[in-house]
Amino acid sequence: MNLRVLAARTLAATVLAAGAVVATSAPASANFHDCHRAMCLTVKGKGLHVDTVKFELLVPASVTYLGHVEVWGPDFHLDTPDQQFTNHDRQKHTTFAWSKMSIDTTYADGDRICTRFWRLNEPGDGSYTGTPKVCATIHD
């Protein structure tokens with residue numbers, strides 16, 4: 001098993017143990033934070049080396065989402081299981097954040113790490129609506 005496959009599996013286990021994420025692309029020089037509607041992506045590192053990735057889902061006041069997060073990069077792809085995200089606050093949005101995922105990999109200039117949230121349209125029908133993806137482009 002190569003090191004990147006092992007890292008992707010470790011990443012999947014970390015995300016599943018933690019707990020929640022949308023669509024633009026901007027340069028990252030491995031330090032990047034951006035949000036688009038409901039999703040936020042934070043990539044930390046130096047130069048072409050990515051240390052960690054973190055994503056967050058913003059849920060409006062008095063709203064419940066059922067769905068999952070997808071996150072991918074040049075050497076990994078992960079879909080979390082469907083979860084329910086309920087904001088009980090009647091006035092403010094709530095942020096559901098997954099703990100930082102350790103990537104600890106050096107990428108090529110121009111590689112991208114992206115995420116999006118897939119909201120289940122109706123329980124039982126199996127169709128989803130995705131938020132626009134948020135991507136960090138790694139630059140030296």
Side-chain angles (χ1 to χ4, degrees):
M1 173 182 313
N2 75 32
L3 193 53
R4 287 188 178 205
V5 170
L6 181 59
R9 288 184 181 168
T10 302
L11 169 68
T14 301
V15 170
L16 295 176
V21 184
V22 213
T24 59
S25 182
S29 143
N31 284 302
F32 170 87
H33 176 82
D34 194 24
C35 298
H36 186 273
R37 294 190 185 134
M39 290 303 301
C40 293
L41 173 66
T42 303
V43 176
K44 297 237 177 182
K46 183 173 183 179
L48 299 175
H49 188 84
V50 174
D51 295 320
T52 61
V53 173
K54 181 179 178 183
F55 43 97
E56 301 169 313
L57 175 65
L58 309 173
V59 179
S62 301
V63 169
T64 295
Y65 289 148
L66 177 62
H68 64 274
V69 174
E70 177 185 23
V71 61
W72 66 95
D75 58 347
F76 67 93
H77 186 266
L78 170 71
D79 281 301
T80 65
D82 280 351
Q83 298 177 54
Q84 182 171 306
F85 304 95
T86 301
N87 182 355
H88 297 289
D89 193 306
R90 295 177 187 249
Q91 298 178 4
K92 297 182 280 183
H93 77 272
T94 295
T95 301
F96 294 90
W98 278 271
S99 46
K100 292 178 186 173
M101 300 178 305
S102 178
I103 301 293
D104 195 26
T105 301
T106 300
Y107 291 103
D109 190 49
D111 279 350
R112 295 175 5 134
I113 295 175
C114 301
T115 189
R116 74 166 38 134
F117 178 71
W118 291 96
R119 183 180 50 83
L120 185 63
N121 293 324
E122 293 293 327
D125 82 352
S127 67
Y128 293 84
T129 300
T131 61
K133 65 184 174 183
V134 174
C135 293
T137 302
I138 309 304
H139 289 290
D140 193 10

State the [atom1]-[atom2] distance between [X] and [Y], to the nearest 0.5 angstrom.
X: Leu41; Y: His36; atom1: CG; atom2: NE2; answer: 13.0 Å
X: Glu56; Y: Thr115; atom1: CD; atom2: OG1; answer: 10.5 Å
X: Thr64; Y: Arg119; atom1: OG1; atom2: CZ; answer: 11.5 Å
X: Thr105; Y: Leu48; atom1: OG1; atom2: CG; answer: 12.0 Å

Hydrogens and angles aside, do [X] and [Y] bring a side-chain donor and acceptor to less than 3.5 Å of each other?
X: Asp104; Y: Ser102; value: no
X: Asn121; Y: Ser127; value: yes
X: Thr80; Y: His68; value: no

Minimum heavy-atom distance [X]-[Y], with the two atoms named:
X: Thr42; Y: Lys44; result: CG2-CE, 3.8 Å
X: Val53; Y: Val43; result: CG2-CG2, 4.3 Å
X: Thr86; Y: Phe96; result: O-CZ, 3.4 Å
X: Thr131; Y: Ala38; result: CG2-CB, 4.3 Å
X: Pro74; Y: Arg112; result: CD-O, 3.4 Å
X: Cys135; Y: Phe32; result: O-CZ, 3.3 Å

Running the 4.5 Å side-chain criterion over Ile, Leu, Val, Met, Phe, Trp and Tyr, what cluster does Leu66 land in, apart from itself?
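Trp118, Leu120, Tyr128, listed by chain and number.
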Working note: Ile113 + Tyr107, criterion side chain to side chain contact (heavy atoms under 4.5 Å, CB included); need CA distance, chi angles, decisive distance, verdict.
CA-CA 10 Å; Ile113 295 175; Tyr107 291 103; 4.1 Å; yes
Just by distance, do the side chain of Asn87 and the backbone of Lys92 share a donor-acceptor pair under 3.5 Å?
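Such a contact is found between Asn87 side chain and Lys92 backbone.
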So, the side chain of Thr52 versus the backbone of Met101: is there a donor-acceptor pair under 3.5 Å, distance only?
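A pair under 3.5 Å: no.
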Checking His93 now: which residues fulfil side-chain contact (heavy atoms from CB on, under 4.5 Å) with it, not counting sequence neighbours?
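Applying side-chain contact (heavy atoms from CB on, under 4.5 Å) to His93 gives Leu58, Thr95.
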Can you check side chain to side chain contact (heavy atoms under 4.5 Å, CB included) on Val69 and Leu57, steps first, answer last?
CA-CA 9 Å; Val69 174; Leu57 175 65; 5.6 Å; no
Side-chain heavy atoms nearer than 4.5 Å, only ILVMFWY residues, links allowed to pass through others: does that put Leu78 and Trp72 together?
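Unlinked, Leu78 and Trp72 end up in two clusters.
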Take Thr94 and Phe85 through the test side chain to side chain contact (heavy atoms under 4.5 Å, CB included) and record every step on the way to the result.
CA-CA 9 Å; Thr94 295; Phe85 304 95; over 6 Å; no
